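Everything below concerns the one structure shown next.
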Amino acid sequence: MTGANRHWRTLEIPIRPGTGTPSRCPWGHDLAIAGVRQSWSQDYRAPEWLCEACYALPGRAGTWAMIDPAPARHVTEDQADEYGLRLVLLRPATAAGIGAIQLRLGHTVFGEIRFSLCGIDRRAVLVHVEVEEKHRRRGAGRVLVAAAAARAPRYDWTTLPIGHDPITVAFWARVGAIGPPSPYPCTHQTEQGVVPGESRWTKWW
């Protein structure tokens with residue numbers, strides 16, 4: 001059955017952003033000591049790794065896949081197909097407006113990150129990250145944040161306030177902040193309504 005028809009698909013193994021040989025597994029083992037094996041995920045179409053220390057422990061599979069978050073690996077809507085785990089770029093309707101990147105496997109969308117980039121003022125505002133509940137804690141959010149950051153590595157990033165929701169706080173505590181949680185939009189982003197009025201200038205007023 002192709003990915004286009006498998007709407008029930010899940011992230012069967014965890015994912016992490018990156019390329020090359022990892023130095024640690026997602027569970028913290030130094031792979032130079034633990035030992036590591038590489039294979040290929042036919043479903044994700046991405047490198048797959050096995051931590052031998054994890055594998056030897058009861059209840060630990062120790063397997064994960066590495067997803068390259070670089071913009072060169074992003075595809076647009078018309079390029080997306082049912083094969084492999086894809087980072088699909090949804091461009092904004094207007095310059096400095098809100099665009100998105102979705103993580104997809106076939107027609108299954110695991111999560112989405114929404115953000116605004118202004119190429120004139122080199123400002124980036126992260127608006128929202130959402131991963132469907134049944135797919136959480138598998139690395140999808142981490143990969144999406146890395147993919148968004150990779151599109152603007154030398155921009156001044158800020159984010160909307162994270163609030164006090166324990167799941168949101170725990171996510172950012174694990175992944176690490178991409179920028180301060182006080183949005184600082186440029187005039188072009190303000191004109192596009194990127195940041196809700198009540199969220200603006202929380203650091204300065």
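All figures in this text were calculated on a predicted structure; none of them were measured in a lab. Residue numbers count from 1 along this sequence. Below, each value reflects all heavy atoms present in this structure, side chains not excepted, and no hydrogens, waters or symmetry copies.
- Val75 and Met66 fall into different hydrophobic clusters, where Ile, Leu, Val, Met, Phe, Trp and Tyr are joined by side-chain heavy atoms under 4.5 Å apart, directly or via other members.
- Between Glu77 and Arg104 there is a salt bridge, since at least one side-chain N of the basic residue sits less than 4.0 Å from a carboxylate O of the acidic one.
- Inter-residue side-chain proximity for His188 and Asp121 is flagged as met; some heavy-atom pair is nearer than 4.5 Å.
- With Ser116 contributing its side chain and Ala96 its backbone, the two residues share a donor-acceptor pair below 3.5 Å.
- At least one side-chain heavy atom of Ile101 sits less than 4.5 Å from a side-chain heavy atom of Arg151.
- Of all heavy-atom pairs between Leu50 and Ala61, the closest is CD1-O, 3.3 Å.
- When side chains are defined from C-beta on, Leu144 counts as touching Leu87, because their heavy atoms get closer than 4.5 Å.
- With hydrogens and angles disregarded, no donor-acceptor distance shorter than 3.5 Å links the side chain of Arg37 to the backbone of Cys51.
- With rounding to the nearest 0.5 Å, the separation of NE2 in His135 from CD1 in Ile15 is 11.0 Å.
- With Tyr55 as the aromatic partner, Arg60 does not meet the cation-pi criteria of under 6.0 angstrom to the ring centre and within 45 degrees of the ring axis.
- Between the side chain of Arg123 and the backbone N or O of Tyr184, at least one donor-acceptor pair lies under 3.5 Å.
- Here the closest non-hydrogen pair linking Ala34 and Ala53 is CB-CB, 3.4 Å.
- At a threshold of 4.5 Å between non-hydrogen side-chain atoms, the residues Ser41 and Pro47 do not count as touching.
- The distance from the CZ atom of Arg24 to the NE2 atom of His29 is 9.5 Å, given to the nearest 0.5 Å.
- Contact detail for Val145 and Trp172: the closest heavy-atom pair is CG2-CH2, 3.8 Å.
- Leu85 and Leu105 make their closest contact through N-CD1, 3.6 Å (heavy atoms, listed as atom of the first residue, atom of the second, distance).
- At distances below 3.5 Å, at least one donor-acceptor pair connects side-chain atoms of Arg138 with backbone N or O atoms of Glu12.
- To the nearest 0.5 Å, the span separating CZ on Arg137 from CG on Leu11 amounts to 14.0 Å.
- Across every non-hydrogen atom of Tyr44 and Ala65, the tightest pair is CD1-CB, 3.6 Å.
- Atom CZ of residue Arg45 and atom CD1 of residue Ile67 lie 13.0 Å apart, to the nearest 0.5 angstrom.
- In the hydrophobic cluster analysis, where Ile, Leu, Val, Met, Phe, Trp and Tyr join through side-chain heavy atoms closer than 4.5 angstrom, Val175 is grouped together with Ile178.
- With a 6.0 Å radius and a threshold of 12 heavy atoms from other residues, nucleotides or ligands, Gln79 has its CD atom above the threshold.
- Taking 4.5 Å as the limit, some side-chain heavy atom of Val195 sits within range of a side-chain heavy atom of Pro185.
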For this session: Decide side-chain contact (heavy atoms from CB on, under 4.5 Å) for Val194 and Val127; before the verdict, give the C-alpha distance in whole Å, the side-chain angles of both, and the deciding distance to 0.1 Å.
Result: CA-CA 8 Å; Val194 167; Val127 176; 4.0 Å; yes

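- Within a 6.0 Å sphere centred on CZ of Arg91, other residues, nucleotides and ligands contribute 12 heavy atoms or fewer.
- Note on Phe110 and Phe171: same hydrophobic cluster, where clusters join Ile, Leu, Val, Met, Phe, Trp and Tyr whose side-chain heavy atoms are under 4.5 Å apart, directly or indirectly.
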For this session: Report the C-alpha separation of Thr158 and Ser182 in whole Å, then their side-chain angles, then the decisive distance to 0.1 Å, and conclude whether the side-chain contact (heavy atoms from CB on, under 4.5 Å) test is met.
Result: CA-CA 6 Å; Thr158 56; Ser182 298; over 6 Å; no

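- Considering only heavy atoms from C-beta on, Pro17 comes within 4.5 Å of Val143 through its side chain.
- Counting non-hydrogen atoms of other residues, nucleotides and ligands closer than 6.0 Å to CZ of Arg114 gives a total of 12 or fewer.
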Exercise. Step by step, would you call His107 with Glu82 a side-chain contact (heavy atoms from CB on, under 4.5 Å)?
Worked result: CA-CA 7 Å; His107 283 184; Glu82 68 264 34; 5.7 Å; no

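- Residues Leu117 and Tyr155 approach most closely at CB-CE2, 4.1 Å, considering heavy atoms.
- Using a 4.5 Å heavy-atom cutoff, the side chains of Pro181 and Leu160 are not in contact.
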For this session: Give the C-alpha distance, both sets of side-chain angles, the deciding distance and a yes or no for side-chain contact (heavy atoms from CB on, under 4.5 Å) between Ile167 and Arg136.
Result: CA-CA 10 Å; Ile167 294 175; Arg136 291 175 185 168; 4.1 Å; yes

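- Rounding to the nearest 0.5 angstrom, the gap separating the CD1 atom in Ile162 from the CG atom in Leu126 is 11.5 Å.
- Put simply, the side chain of Gln192 never gets that close to the backbone of Gln189: no donor and acceptor are under 3.5 Å apart.
- Ring geometry for Trp64 against Trp27 counts as perpendicular: the plane angle is over 60°, on a 0 to 90° scale with 30° as the lower cut.
- Residue Trp49 holds its CH2 atom at 3.5 Å from OG1 of Thr21, rounded to the nearest 0.5 Å.
- Counting only heavy atoms from C-beta outward, the side chains of Pro14 and Pro26 never approach each other to under 4.5 Å.
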